[in-house]
Amino acid sequence: MKPYKYIELFAGCGGMSLGLENAGFDLYFANELSPMAGETYAFNILNDNLKEQTESSKTYWIQSQYKKNDILRLRENPAEFQRGKYFDLKTNSDLCKKLIIGDINALNSYLRNNPKIVERIHKSEIDLVSGGPPCQSFSLAGRREKGNKRNQLPWAFAEFVKIIQPKTVILENVSGILRPFKEGNKKYYAWFEVVKAFCLTGYVPICMHINAKYFGLPQSRPRFIMLAIRRDLVENLERDEVLDKAIATYNKVNEHGEKLNISENDTFYELNKKRDIEFFRNSRYLLTPLTENENDQKDVTYAIDYLKNLPNNIESQLLKVDPFHLKLNSIFIPQEDQYTVKNHNHRGHSQKIQQRFKFLKLIEEFENGDRNKLVHALKTGSIVELSSSLVKEVIQKLEGVTNETELQTFVSKYQSKKHSQRALKKTSPAPAALSIPDDVCHYDEGQNRTLTVREMARIQSFPDWFEFRSKDTTGGTNRRFEVPNYTQVGNAVPPMLAFELGNWIKKIIE
């Protein structure tokens, strides 16, 4: 059987592509806005070293201010692309096995203006278009703004699908897309607006809410997944309750148009609730969990414990007995440096930060209710809202603090205004990987530090040979457009989850 062909949008550093490629998919082309993330993608997925050869035959800029051989392209602000006078794509460009750097709207415009290229893509019969549009404004951790420009990216995704006409589509996004925005007294459900866009494009949508921890990842990472199947192909599929509901949604949207509103009782399928798991097992159109037993889930030590004392960029025999390293290499074919740890630079911290990390680790010893109260105390710098019994228990556990006054002095001195900062808990999966390194600290008592890029990458299920090619972090106004290594990791689709998605989609296509 010929390989399944896919196109990857919002490709990032390559997490989705890495999983799909190892599930048997063959890249037609990929698109990514950020040159920094694109450099990592090109190096690992296309074997294209842009630092050594920016005038690449595999990576094209739609538009740039710099010539092809100018290294400044790799740090270019995407907001400035439209000012560029250099265009890599021509009317007869071959996009096969290429990475296209640039805005998806510019890519859509290029395709609309070059029908012969679109015709060539149609002849290749694309099996899948996949992607996770940037989600900062859908995220519960971000600014939930209905009018945010980035909220329009799923519609650009739908426009691309309308042009290319693949057999199937996968759209991945944060759970926050399921929570309503409010506009006056009216609730606005972003996920349903996305569903309507794909229905009106000619695709039947099946929506799920899944968690990566059910698929072998040492991370609790809930995500919204939409599978959309081209309407003319649905007639060939075996019907069941899930597909019937999806077809009914498609028909309803196409009958009423964009003005159709969702009711509070409309369904998406929630994998996190155990009562729904058998329902998932009974339908081929829902991604079935590998395990639903809490005891079978992987904790964070499974991912990173072997790494904690290893130096960066050195070959280590310890990796030959590291079960997670071996597991990842059994899924993702290793490169030559399969026993070398890269992107593992430990970050230095002041004594104040280290003391705060110690307190965060202590907080993790408490149950959720008390833990949240202690996090709030550290954030506000005040223990006034803590019960006397909780204060007494903290004093007993906290080294160097013997009374309530000293505890108040401690939380005031080491106050942290960060909303989500916490320590990893050894006995649990890691929380969803974030894009800012200071949001989590290591669980080990002797390691009062944030995680390295490699440790975060392990939690996301990237194999150790996968090399992140940009600088580790950024700051100031550069945060608006730079996508450094930590952000690339945090934004990625976990490759192990993408691998399971790929195998599932193949069965549906077959």
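Heavy-atom basis, side chains included; hydrogens, waters and symmetry copies ignored. Only a predicted model underlies this, so the values are computations on that prediction, with no experimental measurement involved.
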Can you give me every donor-acceptor pair (side chain of residues 158-165, partner residue at least two apart or in another chain, under 3.5 Å) with its distance?
unit_1 : atom_1 : unit_2 : atom_2 : d
Glu159 : OE2    : Arg112 : NH1    : 3.3
Gln165 : NE2    : Lys162 : O      : 3.0

Contacts of type side-chain hydrogen bond (donor to acceptor under 3.5 Å, both in side chains), residue [X], not counting sequence neighbours:
X: Glu500; result: none
X: Ser124; result: none
X: Lys426; result: none
X: Asn329; result: His325

For [X], give me all partners under side chain to side chain contact (heavy atoms under 4.5 Å, CB included), at least two apart in sequence or on another chain.
X: Leu200; value: Val253, Asn254, Glu258
X: Asn343; value: Val453, Arg454, Glu467, Phe468, Asn485
X: Pro495; value: Leu18, Phe332, Ser461, Phe462
X: Ala423; value: Leu360, Lys361, Glu364, Cys441

Among all residues two or more places apart in sequence or in another chain, which pass the salt bridge (Lys or Arg N to Asp or Glu O under 4.0 Å) test with Asp439?
Lys418
Checking Asp127 now: which residues fulfil salt bridge (Lys or Arg N to Asp or Glu O under 4.0 Å) with it, not counting sequence neighbours?
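Asp127 satisfies salt bridge (Lys or Arg N to Asp or Glu O under 4.0 Å) with Lys167 once adjacent residues are dropped.
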Salt bridge check, Glu241 against Lys245: does any charged N sit closer than 4.0 Å to a carboxylate O?
yes
Pairs where residues 6-22 contributes a residue and the test side chain to side chain donor-acceptor pair (under 3.5 Å) is met, not counting sequence neighbours:
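Every pair satisfying side chain to side chain donor-acceptor pair (under 3.5 Å) with a residue in residues 6-22: Tyr6-Ser17, Tyr6-Glu21, Glu8-Ser130, Ser17-Tyr41.
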